[in-house]
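Read through the structure below, which is laid out as C-alpha cells, and then see the notes.
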Amino acid sequence: MDEQPRLMHSHTGVGMAGHPGLPQHMQEGTGGTDGDGRKQDIGDILQQIMTITDQSLDEAQARKHALNCHRMKPALFNVLCEIKEKTVLSIRGAQEEEPPDPQLMRLDNMLLAEGVSGPEKGGGSAAAAAAAAASGGAGADNSAEHSDYRAKLSQIRQIYHTELEKYEQACNEFTTHVMNLLREQSRTRPISPKEIERMVNIIHRKFSSIQMQLKQSTCEAVMILRSRFLDARRKRRNFNKQATEILNEYFYSHLSNPYPSEEAKEELAKKCAITVAQVSNWFGNKRIRYKKNIGKFQEEANMYAARTAVNAANASSHGSQANSPSTPNSAGETGSPCQPEPRAKPLYAYCPFCLHLS
DNA sequence: AAGTATGATTTCAG
DNA sequence: CTGAAATCATACTT
C-alpha cells in the first residue's frame with residue numbers, strides 16, 4: 001500500500017525529466033545506455049497517459065491509438081501488471097463478503113407482508129384480513145373503505161415497482177457502461193476480471209443504498225395509509241341504537257355484577273352484530289365510566305331498570321321465558337336491588353340504586 | 001368551534 | 001389472560 005505513491009512519484013519524476021521533445025532515445029542513442037532510453041520511453045508513455053484526460057476527445061483518441069501501437073507498450077504493460085500484482089495482493093485481504101443488512105431485511109419483510117413487493121394480488125390478503133378482524137367483524141360498511149385502501153395500496157405498489165425498475169435499469173446501464181470502460185482501459189492498463197467484478201459490486205451497493213431509501217419511503221407511505229384507513233380508532237362508528245340498548249339492558253340488569261360470561265358475551269355480540277371483543281370493550285368502558293360518575297348515569301339506570309321490570313312483567317304474564325342473555329351467577333336481580341346475593345367478584349361495595357335514588 | 005360521548009388502544013396489576 | 005384505569009381519536013351535540 002505504501003509502495004504505490006513512491007512508484008508513482010518516481011515515474012512522474014522520470015516523466016518530467018524526459019518529457020520535453022520527442023523520444024530522446026532516438027537522438028541520443030549513442031550517449032546514454034540503452035536502459036536510459038527505455039526509461040525515457042516509459043516515462044514518455046506514462047506522461048501521455050497522465051495527460052490523456054486533458055485532451056480533446058479526438059486528440060485523445062488519436063493519442064490512445066498511438067499509445068497502443070507504441071513499441072514499448074507491451075513492456076509498460078508488463079511493468080504495470082507487476083505493480084498491479086503486488087497491490088492487488090495487498091488489497092485482497094480487505095475483501096468484502098457482504099452480510100445481509102438487517103435494516104434492509106426488515107424493510108423487505110414489511111413490504112412483503114403488506115403486499116407491496118410480493119406477488120401481484122392477494123399478497124396483502126393476510127394483512128387485510130388481520131386488519132378486518134381487528135376493526136370489527138361487522139364488515140358490511142367498511143368494505144368500501146377497504147377497496148379504497150386497496151386502491152391506494154396498489155397505487156403505492158405501482159410507484160414502488162416502477163421506481164425500482166428504473167433504478168435497476170439505471171444500475172444495469174451504468175454497470176455495463178463502466179464495464180465497457182474498464183474493458184476498453186484494460187488494453188492500456190492491466191485490469192483483472194476480479195477487479196471488474198469488484199467495481200460492479202461497488203456500483204451495486206451504491207444503487208442498493210438508493211433502493212433502500214425507496215423502500216424506506218414506501219414503507220412510510222404504507223404505514224401512513226394503514227393508519228389512515230385501517231386504524232379502527234380513525235373510523236370509529238357508534239354502535240347503532242339497538243345494539244346500545246341491548247348492551248345497556250344487560251349492564252343495568254346485571255349492575256351488581258356487570259361481567260358477562262364468555263357465552264353471554266357471544267350472545268350479546270350476535271344480537272348486536274358486533275364482535276365479542278367489542279362487547280368486552282363496551283363493558284370495560286361502561287363499568288369504568290359508570291363507576292367514575294354514577295350520578296351521571298342515574299337517569300339511564302332508572303330507565304333501563306323500569307324497562308326491564310316491564311319486560312319481566314310482560315314475560316311472566318305471557319308465561320314466556322325468552323329473556324336477555326343470562327349470566328351464571330347473577331340472574332333476576334332486576335326488580336329488587338340490594339339483594340345480598342353472593343357474588344364471584346363484587347365490583348361495587350354498595351348498590352348504586354339505594355345510594356342515589358332517594 | 002367547543003364540549004361531550006364513545007369505541008378502541010395502551011399500560012399495568014393480579 | 002382478564003380487567004381497571006388512563007388515554008387516544010373520532011363522532012356527535014350544543
Side-chain angles (χ1 to χ4, degrees), chain A residues 110 113-114 126-149 152 219-305 307 324-331 333 341-353 355-356:
Chain A
M110 177 178 165
E114 295 294 335
S135 69
D141 75 306
N142 61 18
S143 65
E145 288 191 47
H146 260 188
S147 74
D148 204 1
Y149 168 78
K152 288 256 172 18
C219 276
E220 276 165 23
V222 171
M223 291 310 274
I224 290 167
L225 185 71
R226 253 183 99 76
S227 72
R228 226 170 132 47
F229 280 83
L230 266 35
D231 185 351
R233 280 197 288 200
R234 287 187 184 276
K235 50 165 194 164
R236 183 178 69 76
R237 292 279 122 78
N238 290 355
F239 298 152
N240 61 43
K241 211 160 168 59
Q242 200 185 351
T244 322
E245 284 192 5
I246 292 169
L247 293 166
N248 270 318
E249 215 164 287
Y250 186 97
F251 180 79
Y252 286 111
S253 65
H254 298 79
L255 201 48
S256 59
N257 187 35
Y259 297 86
S261 66
E262 202 53 39
E263 301 86 67
K265 278 183 195 171
E266 275 167 30
E267 203 176 331
L268 285 166
K270 204 152 75 174
K271 272 187 167 179
C272 301
I274 58 178
T275 64
V276 173
Q278 284 177 302
V279 172
S280 296
N281 282 339
W282 190 91
F283 273 88
N285 284 323
K286 190 73 184 179
R287 280 191 299 263
I288 193 73
R289 283 165 187 164
Y290 179 84
K291 202 172 92 172
K292 253 186 174 170
N293 191 354
I294 293 173
K296 198 176 74 182
F297 288 92
Q298 201 55 69
E299 208 178 322
E300 192 178 66
N302 292 339
M303 196 188 83
Y304 279 101
R307 188 183 301 191
S324 56
S326 59
T327 305
N329 67 354
S330 72
E333 61 199 285
E341 195 171 321
R343 298 194 281 272
K345 205 198 287 180
L347 176 65
Y348 311 114
Y350 50 88
C351 173
F353 285 103
L355 273 178
H356 296 274

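In what follows, chains are A, B, ... by sequence order, proteins preceding strands, each numbered from 1. Quantities reported herein were computed from a predicted structural model and do not represent experimental measurements.
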Given 3.5 Å as the limit, does a donor-acceptor pair link the side chain of A/Glu300 with the main chain of A/Phe297, or not?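 No, A/Glu300 side chain to A/Phe297 backbone: no donor-acceptor pair under 3.5 Å.
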
Verify the contact: side-chain N or O of [X] to OP1 or OP2 of [N], cut-off strictly under 4.0 Å; return yes or no.
X        : N      : answer
A/Lys296 : B/dA5  : yes
A/Arg237 : C/dT10 : no
A/Lys286 : B/dT6  : no

Whole-Å distance separating the [atom1] atom of [X] from the [atom2] atom of [N]:
X        : N     : atom1 : atom2 : result
A/Phe251 : B/dG7 : CZ    : C1'   : 16 Å
A/Asn293 : C/dA4 : CG    : P     : 17 Å
A/Leu247 : B/dA5 : CG    : C1'   : 15 Å
A/Trp282 : C/dA4 : CH2   : C1'   : 16 Å
A/Glu299 : B/dA5 : CD    : P     : 12 Å
A/Tyr290 : B/dA5 : OH    : P     : 16 Å
A/Arg289 : B/dT9 : CZ    : C1'   : 12 Å

Quick one: label A/Phe283 by what it contacts on the DNA or RNA (base, sugar-phosphate, nothing), any heavy atom closer than 4.0 Å.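 A/Phe283: no heavy atom of the nucleic acid under 4.0 Å.
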
So A/Asn281, base contact, sugar-phosphate only, or nothing? Heavy-atom distance under 4.0 Å.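 Base: the residue A/Asn281, judged by heavy atoms under 4.0 Å, touches a nucleobase.
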
My understanding is that only residues two or more places apart in sequence, or in another chain, count here; which of them pass side-chain contact (heavy atoms from CB on, under 4.5 Å) with A/Glu262?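 For A/Glu262, the residues satisfying side-chain contact (heavy atoms from CB on, under 4.5 Å) (neighbours in sequence not counted) are A/Lys265, A/Glu266, A/Val276.
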
Choose from [options] the nucleotide whose nearest atom is closest to any side-chain atom of [X].
X        : options               : result
A/Ile288 : B/dT6, C/dA5, C/dG3   : C/dA5
A/Arg236 : C/dA4, C/dC12, C/dT10 : C/dT10
A/Lys291 : B/dG7, C/dG3, C/dA5   : C/dA5

Would you kindly compare A/Asn285 and A/Asn238 by the position of their nearest DNA chain C nucleotide and give the one closer to the 5′ end?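 Here A/Asn285 is the residue nearer the 5' end.
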
5′-ward residue of the pair A/Glu262/A/Lys292 relative to DNA chain C: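 That would be A/Glu262.
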
For A/Arg307, enumerate each residue passing the salt bridge (Lys or Arg N to Asp or Glu O under 4.0 Å) test, keeping only those at least two apart in sequence or located in another chain.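 For A/Arg307 the salt bridge (Lys or Arg N to Asp or Glu O under 4.0 Å) partners, ignoring immediate neighbours, are A/Glu245.
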
Centroid-centroid under 6.0 Å between A/Phe251 and A/Tyr290 rings: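 Judged by ring-centre distance (under 6.0 Å), A/Phe251 and A/Tyr290 do meet the cut-off.
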
Looking at side-chain heavy atoms only, is the closest gap between A/Leu247 and A/Ile274 below 4.5 Å?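 Yes - at least one pair of side-chain heavy atoms lies under 4.5 Å apart.
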
